[in-house]
Amino acid sequence: MMYRLAGFTGLKAQIFKISFMAIIDALLIWMFFASMAKEDSSTLSAVIAAIFFFTNLIYFAKFTLPLKFLLPGLILLITFVVVPVAYTIQMSGYVFKTGNEISKADALPQIEANGLTLDDTAPTFDLVLGKVDGKWAALLTSQVDQSVLLATEEKSVVLPAGSYRADDLGIARSTDGFDPVTEDFAANNEESIINLRFPYKDNSFISPQGIDIAAVLTQSLVYDKERDAFTDTASGITYIDNGRGNYAAESDPSMTLTPGWRAWNAFENYTKLLSDPNVRGPFIGVFIWTVSFALISVLMMFAVGLLLAVILNQKIALRRFYRSILILPYAIPSFMSILIWAGMFNRQFGAINALFGTEIDFFNSPTLAKMVILIVNLWLGFPYFYLISSGALQSIPSELEEAAAIDGANNRQIMSKIKLPLILQILSPLLIASFAFNFNNFNIIYLLTGGGPTNVLQGETAGATDILITYTYKTAFGSQEQNLGLASAISMVIFLIVGSISLWSLRRSKVLETM
Amino acid sequence: MATNSLKSKKIGSHLFIWVLILFTLFPIYVVITSSFNPTGSLATSSLIPQIWSLDNYKVLFNNPAVPYLTWVENSIFLAVANAAISVFVGTASAFAFSRMRFKGRKLGLQALLLVQVFPSFLALAAIYVMMERVYTVFPAIGLGSLGGLLLIYLGGSMGVNAWLLKGYIDTIPMELDEAARIDGASSFQVFWIIFFPLAAPVLAVTALLSFIGTFNEFVLASLFLQDVHSRTVAVGLQQFVGQQFGQNWGPFAAGSLLAAIPLVILFLSLQRFIIGGLTQGATKG
């Protein structure tokens with residue numbers, strides 16, 4: 001065997017390595033510049049630069065042999081697991097939801113734009129659009145007193161009679177230095193025209209409402225940069241930054257201006273989980289069902305799997321045949337079987353109702369829906385537990401059983417006093433892992449019941465069968481409100497729970513000490 | 001008395017097994033019959049089908065709105081690429097952890113252990129926002145692309161695979177690579193020429209488990225792949241029975257059956273190895 005590799009040493013290997021790295025480097029450099037060319041992608045550029053730097057350092061330096069083997073896995077793990085987790089932690093500290101998605105800098109002009117109101121005490125104007133020194137300007141004839149204004153984006157001046165030419169209707173058409181645009185040109189630029197603002201009086205300006213008419217808009221919300229507050233000039237209410245991504249009225253914090261922005265507030269989402277009744281209620285309900293669902297599922301699967309293993313470990317007829325059939329649920333892709341079960345429990349044309357001649361609406365009753373989930377999960381999971389129990393049973397030395405039999409123990413005693421404790425000891429890491437898996441068993445809930453039934457009319461945000469992970473999904477990607485900040489906070493809670501369960505289980509099994 | 005209770009116990013055992021077998025086979029029976037049932041429901045008035053037809057299968061291959069073969073291709077691409085790359089890269093990491101002694105090894109292993117218990121879709125919202133950003137710069141690996149989804153799968157399977165493979169590699173005797181080293185082989189040569197072929201069977205099993213896992217994955221795929229032509233089998237078939245298409249069970253059953261049969265055959269023929277892999281963690285723990 002050694003001779004075959006002899007050809008792949010020295011120069012050849014060096015050339016191969018260098019050309020391989022050259023390709024990788026070229027790709028990374030291209031990606032780096034492509035990413036630098038875009039706005040808002042500094043993080044991405046930094047990640048690419050870091051990958052470039054470490055790859056070259058590690059594959060061309062001499063002292064880093066283990067890292068040469070670890071690096072590809074490390075890059076994937078850090079980029080697609082560690083970075084998202086870190087980002088989740090960061091997002092959980094933001095008010096980041098529908099209505100609070102953009103940055104504060106982007107939100108300010110939008111709030112100001114929303115604070116514009118049509119001033120019905122001011123006159124409307126007949127509008128002739130044109131350019132002054134190449135910039136947008138307007139000749140405005142008041143519909144009330146036929147006075148004429150020449151407005152640019154900087155200022156507007158009243159033109160004395162005689163300094164402009166009017167048509168038969170008294171509408172000013174042209175004046176010196178004003179260069180009217182054609183109607184076609186105006187029609188083609190309607191979008192930019194709508195956004196034109198010509199100053200009128202304090203806090204109000206003239207804005208085109210079409211290509212030949214303009215009205216006065218009042219800036220009713222005025223931004224005070226020093227106080228970082230908005231004042232409503234009409235009502236006199238002051239809106240201040242409430243620290244949660246909105247400007248809220250000083251007198252009534254529930255009155256907020258839209259849009260809000262993505263605001264840093266480290267504990268807002270976490271305190272919401274514990275104190276806001278609209279969030280805490282469903283969260284606690286979901287939490288309890290998650291734990292009971294995972295616990296009951298594991299216990300049921302284990303009970304059935306173990307019993308089956310005990311029976312099939314005896315010499316009974318057709319043993320192999322039984323075994324091949326009974327592990328089928330484990331071999332069939334689970335998303336398919338879950339959906340098939342969902343169809344079978346359907347009220348109108350499901351096979352279960354057809355079998356019993358009933359019309360039970362399983363998915364409309366919280367209790368029945370929960371039972372359906374447990375039954376289907378049992379179907380999916382018992383073969384796995386049969387397989388591992390069977391393996392554990394066979395690994396118990398037969399001497400133990402013989403010794404107990406000699407001491408006068410009967411079969412039941414051997415089972416309950418000797419085998420069962422041993423099996424539990426052997427399988428406990430797998431039982432705990434299975435609990436952790438079911439704790440986050442998204443597929444079965446999402447595909448079977450979708451978390452329902454949900455009483456939407458009563459404003460419920462979580463369904464009766466939602467577990468934490470599907471609740472997180474709904475919170476983040478729901479159809480009505482998408483609250484990425486709160487969803488990230490729930491994710492962190494799940495992280496902590498599953499992580500501590502796993503750590504505790506590893507401590508128990510002493511894996512950490514023998515590594 | 002004793003023989004009587006033994007007999008009733010035996011009857012009880014058989015009864016238990018037969019109830020379980022009926023429970024197991026019932027959905028399988030339903031999916032087979034409804035795949036041939038042109039009315040599109042999972043069971044009409046009777047459980048025994050009255051009419052048989054291949055209409056549902058024709059829908060999968062003849063209807064342009066249902067690019068079933070493209071879905072299969074996408075699924076196979078993702079599953080094969082994820083299995084191959086993650087096993088290869090994972091083995092390299094596992095090799096370093098198992099065979100080399102270096103600073104931070106123990107810490108690295110503990111970190112790996114913690115990372116591998118976190119399903120990557122817990123960071124779903126973050127991944128989504130992140131890949132949305134990547135899309136604006138590199139559409140080929142951003143949101144909505146198979147490439148981007150593959151990268152996320154790879155990251156997610158890295159922890160589990162490296163950890164699992166390290167367990168296997170520990171069981172391969174050290175003497176083999178020591179002998180090769182004495183003959184002058186470098187670490188990379190030991191890994192590639194001695195060690196990789198030796199570990200091939202376990203690598204194959206890990207790859208198979210990874211393949212099945214990817215094939216089954218639904219959450220990330222459904223969130224990621226919006227375009228009808230980039231869907232996987234799981235996401236595509238789900239659309240038949242989800243809100244959009246109404247309850248159209250016939251084509252769903254046919255498509256599921258076609259996709260499941262090769263997997264079941266693969267699983268049953270390799271079951272001894274797979275089960276060995278499953279129970280290893282238990283019996284050695």
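The structure presented is a predicted model; accordingly, all values stated were derived computationally and were not measured. Below, read A as the first sequence line, B as the second, and so on, with proteins coming before strands; counting in each chain starts at 1.
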Please name the pair of heavy atoms, one in Ala260(B) and one in Met336(A), separated by the smallest distance, quoted to 0.1 Å.
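So the two residues come closest at CB-SD, 3.9 Å.
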
Using 30° and 60° as the class limits, which term best fits the ring planes of [X] and [Y]: parallel, tilted or perpendicular?
{"X": "Tyr322(A)", "Y": "Trp18(B)", "result": "perpendicular"}
{"X": "Tyr330(A)", "Y": "Phe267(B)", "result": "perpendicular"}
{"X": "Trp341(A)", "Y": "Phe23(B)", "result": "tilted"}

Is it the backbone or the side chain of [X] that comes under 4.5 Å from a heavy atom of chain B, or both, or neither?
{"X": "Thr79(A)", "answer": "backbone"}
{"X": "Ile469(A)", "answer": "side chain"}
{"X": "Phe335(A)", "answer": "both"}
{"X": "Ile332(A)", "answer": "both"}

Go through the atoms of Ala162(B) and report whether side chain, backbone, both or neither lie under 4.5 Å from a heavy atom of chain A.
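Nothing of Ala162(B), per the 4.5 Å heavy-atom cut-off to chain A.
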
The test is side-chain contact (heavy atoms from CB on, under 4.5 Å); show your working for Ser35(A) and Phe138(B) and say whether it passes.
CA-CA 8 Å; Ser35(A) 148; Phe138(B) 306 112; 4.1 Å; yes

Residue, of [options], that accumulates the most heavy atom pairs under 4.5 Å with chain A:
{"options": "Tyr128(B), Phe88(B), Tyr153(B), Phe97(B)", "result": "Tyr128(B)"}
{"options": "Ala96(B), Gly213(B), Ala92(B)", "result": "Ala92(B)"}
{"options": "Gly155(B), Ala123(B), Ala234(B)", "result": "Ala234(B)"}

Hey, does Leu268(B) have a side-chain heavy atom less than 4.5 Å from the side chain of Ile327(A)?
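Ile327(A) reaches Leu268(B) side chain to side chain.
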
Determine whether Phe102(B) and Leu67(A) satisfy the following criterion, side-chain contact (heavy atoms from CB on, under 4.5 Å), listing intermediate values before the conclusion.
CA-CA 9 Å; Phe102(B) 51 91; Leu67(A) 273 175; over 6 Å; no

To the closest 0.5 Å, what do you measure between CZ (Phe218(B)) and OG (Ser334(A))?
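Between atom CZ of Phe218(B) and atom OG of Ser334(A) there are 11.0 Å.
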
